[in-house]
Amino acid sequence: MRMRRILGLALAAATLAGMSAVGAVSAGAASSPNISRDDCTAAGGQIVSRPYAGYACALPDGTTQAIT
């Protein structure tokens, strides 16, 4: 009985650790890095204006990054 409790607690701790690691990776992937105007044009991107959000760089691969 004691062994089941210990294994259950270990499994719960591992599950929570896995969830927090996945959340941290997802949050990092969701935030896009900033790019300068010069780097944007050098990469073949176009500078576009976003309403209420300033300017962004639209890259040829379809992604957009905020301009610093």
Side-chain angles (χ1 to χ4, degrees):
M1 190 66 129
R2 184 175 178 184
M3 187 59 106
R4 280 188 190 172
R5 183 178 298 172
I6 292 171
L7 288 175
L9 289 174
L11 181 61
T15 302
L16 288 176
M19 285 181 174
S20 63
V22 168
V25 169
S26 298
S31 62
S32 61
N34 293 338
I35 191 170
S36 69
R37 289 178 178 264
D38 294 334
D39 291 340
C40 177
T41 55
Q46 293 181 338
I47 298 172
V48 294
S49 176
R50 299 182 297 181
Y52 306 107
Y55 292 95
C57 176
L59 294 169
D61 63 357
T63 60
T64 58
Q65 294 181 350
I67 293 181
T68 55

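This one's a predicted model, so the numbers in the text were calculated from it and none came from an experiment.
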Between atom CD1 of Ile47 and atom CD1 of Ile35, what is the distance when rounded to the nearest 0.5 Å?
9.5 Å
By side-chain contact (heavy atoms from CB on, under 4.5 Å) - contacts of Asp61 (at least two apart)
Leu59, Thr63
Tell me every residue that passes side-chain hydrogen bond (donor to acceptor under 3.5 Å, both in side chains) with Thr41, counting only those two or more places apart in sequence or in another chain.
none
Closest non-hydrogen contact found for Pro60 with Gly44 is CG-O, 3.5 Å
What are the two closest non-hydrogen atoms of Ala66 and Arg50, and how far apart are they?
CB-NH2, 4.0 Å
Heavy-atom closest contact (Cys57 atom, Gly45 atom, distance):
SG-CA, 4.2 Å
